Enquirer: 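The following block contains the structure, expressed as structure tokens.
Count residues from 1 along the sequence. Predicted model only: the values in this text are computed from it and were never measured.
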Amino acid sequence: QVQLVESGGGLVQTGGSLRLSCAASGRTFSSYRMGWFRQAPGKEREFVASITWTIYSTYYADSVKGRFTISRDNAKNTVYLQMNSLKPEDTAVYYCAYSRRGGSNVPSNFASWGQGTQVTVSS
């Protein structure tokens, strides 16, 4: 089992930046992929970004391309999400997730989830 703990959320003004961190434990830091999802009140959980270990690749939702960057630190077993140029529509609970299952970056393909960290972007 993989345990994930997110941190780094908070309140920021439009145009500001935050860096989210996700510390993983319970496995070697060589999973197929880890990703970030977000869920706003009354909305479905949506994909934000993911990064792989078996094949070094990154993936981004169209809504965050050019603004968010996912990265990893293998030595610290941590994945990051650098969020720049934040917009009110980025407001959501952000979840870190782990997957060893093939398929697209949808929630059902990720087996382990963190507790979530709130990101609020004020207008």
Enquirer: Partners of Y95 by side chain to side chain donor-acceptor pair (under 3.5 Å), sequence neighbours excluded?
Expert: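 Not a single residue meets the side chain to side chain donor-acceptor pair (under 3.5 Å) criterion with Y95.
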Enquirer: Following the transitive rule for hydrophobic clusters with a side-chain heavy-atom cut-off under 4.5 Å over Ile, Leu, Val, Met, Phe, Trp and Tyr, establish whether V48 and V12 coincide in one cluster.
Expert: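 Both belong to a single hydrophobic cluster.
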Enquirer: Where is the tightest heavy-atom contact between W36 and S21, given as atom of each residue plus distance?
Expert: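 Here W36 and S21 meet closest at CH2-O, 3.6 Å.
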Enquirer: Could you work out, with ring pair (Phe, Tyr, Trp, His ring centres under 6.0 Å) as the rule, every residue matching F47, not counting sequence neighbours?
Expert: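 Testing F47 for ring pair (Phe, Tyr, Trp, His ring centres under 6.0 Å), a comparison that skips the adjacent residues, returns F37.
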Enquirer: Go through it in stages, so that I can follow the logic: the residues are Q118 and T120, the test is side-chain contact (heavy atoms from CB on, under 4.5 Å), and I'd like the CA-CA distance, side-chain angles, deciding distance and then a yes or no.
Expert: CA-CA 6 Å; Q118 175 70 233; T120 302; 3.3 Å; yes
Enquirer: Quick one: does any side-chain atom of T117 pair with a main-chain N or O of G9 as donor and acceptor, under 3.5 Å?
Expert: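 It does hold such a pair.
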Enquirer: Flag the pair T69 / L81 as yes when at least one side-chain heavy-atom distance between them is below 4.5 Å, and no otherwise.
Expert: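 They are not in side-chain contact.
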Enquirer: Is T78 reaching over with its side chain to a backbone N or O of K76, donor-acceptor style, under 3.5 angstrom?
Expert: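 Indeed, once roles are kept as given, a pair shorter than 3.5 Å links the two residues.
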Enquirer: So, S99 and N109: side-chain donor and acceptor under 3.5 Å apart, yes or no?
Expert: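 N109 and S99 do not have a side-chain donor-acceptor pair below 3.5 Å.
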Enquirer: Keeping E6 on the side-chain end and C96 on the backbone end, is there a donor-acceptor pair under 3.5 Å?
Expert: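 Confirmed, E6 side chain pairs with C96 backbone.
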Enquirer: Counting only N and O atoms by type, is there a donor-acceptor contact under 3.5 Å from the side chain of T14 to the main-chain atoms of S122?
Expert: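 Yes.
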Enquirer: Flag the pair D90 / M83 as yes when at least one side-chain heavy-atom distance between them is below 4.5 Å, and no otherwise.
Expert: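 No, too far: nothing below the 4.5 Å cut-off.
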Enquirer: For the residue pair R72 / N77, report whether a side-chain donor-acceptor contact shorter than 3.5 Å exists.
Expert: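 Not at all, the side chains of N77 and R72 share no donor-acceptor pair under 3.5 Å.
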Enquirer: Judged by atom type as modelled, is there a donor-acceptor pair below 3.5 Å linking the side chain of R45 to the main-chain atoms of R38?
Expert: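 Not confirmed, R45 side chain does not pair with R38 backbone.
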Enquirer: Using only heavy-atom distances, determine whether the side chains of R19 and Y80 contain a donor-acceptor pair under 3.5 Å.
Expert: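 Side-chain D/A pair, R19 to Y80: absent.
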Enquirer: Can D62 and K65 be counted as an ion pair, charged N to O under 4.0 angstrom?
Expert: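 Here D62 pairs with K65 in a salt bridge, since their nearest N and O are under 4.0 Å apart.
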Enquirer: Search all heavy atoms of P88 against all heavy atoms of S123 and return the closest pair with its distance.
Expert: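 Scanning both residues completely, I find the closest heavy atoms to be CG-CB, 3.8 Å.
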Enquirer: Is there side-chain contact between N105 and R33, with at least one heavy-atom pair below 4.5 Å?
Expert: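 Yes, at least one pair of side-chain atoms sits under 4.5 Å.
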Enquirer: Which heavy-atom pair separates I70 from M34 by the least distance, and what is that distance?
Expert: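 Smallest interatomic distance, heavy atoms only, reads CD1-O, 4.0 Å.
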Enquirer: Same cluster or not: V121 versus Y60, using hydrophobic residues (I, L, V, M, F, W, Y) connected whenever any side-chain heavy atoms lie under 4.5 Å apart?
Expert: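 In one cluster with V121: Y60, yes.
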Enquirer: Identify the heavy atoms of S112 and L4 that sit nearest to each other, and give their distance.
Expert: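 Of all heavy-atom pairs spanning S112 and L4, the closest is O-CD1, 3.5 Å.
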Enquirer: How long is the gap from CD1 on I51 to OG on S71, to the nearest 0.5 Å?
Expert: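 The CD1 atom of I51 sits 6.5 Å away from the OG atom of S71.
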Enquirer: So, N84 and S17: side-chain donor and acceptor under 3.5 Å apart, yes or no?
Expert: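 Yes, S17 and N84 have a side-chain donor paired with an acceptor closer than 3.5 Å.
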Enquirer: Tell me whether Y59 is reachable from W113 by hopping between hydrophobic residues (I, L, V, M, F, W, Y) whose side-chain heavy atoms are closer than 4.5 Å.
Expert: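 Result: yes, single cluster for both.
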Enquirer: Grouping I, L, V, M, F, W and Y whenever their side-chain heavy atoms are under 4.5 Å apart, do F110 and V64 come out in a common cluster?
Expert: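 Each belongs to a different hydrophobic cluster.
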Enquirer: For the atom pair CZ (F68) and OG1 (T58), what is the distance rounded to the nearest 0.5 Å?
Expert: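 Here the interatomic distance stands at 14.5 Å.
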Enquirer: Show your reasoning for whether side-chain contact (heavy atoms from CB on, under 4.5 Å) applies to R67 and K87.
Expert: CA-CA 10 Å; R67 299 189 298 122; K87 306 173 182 179; 3.8 Å; yes
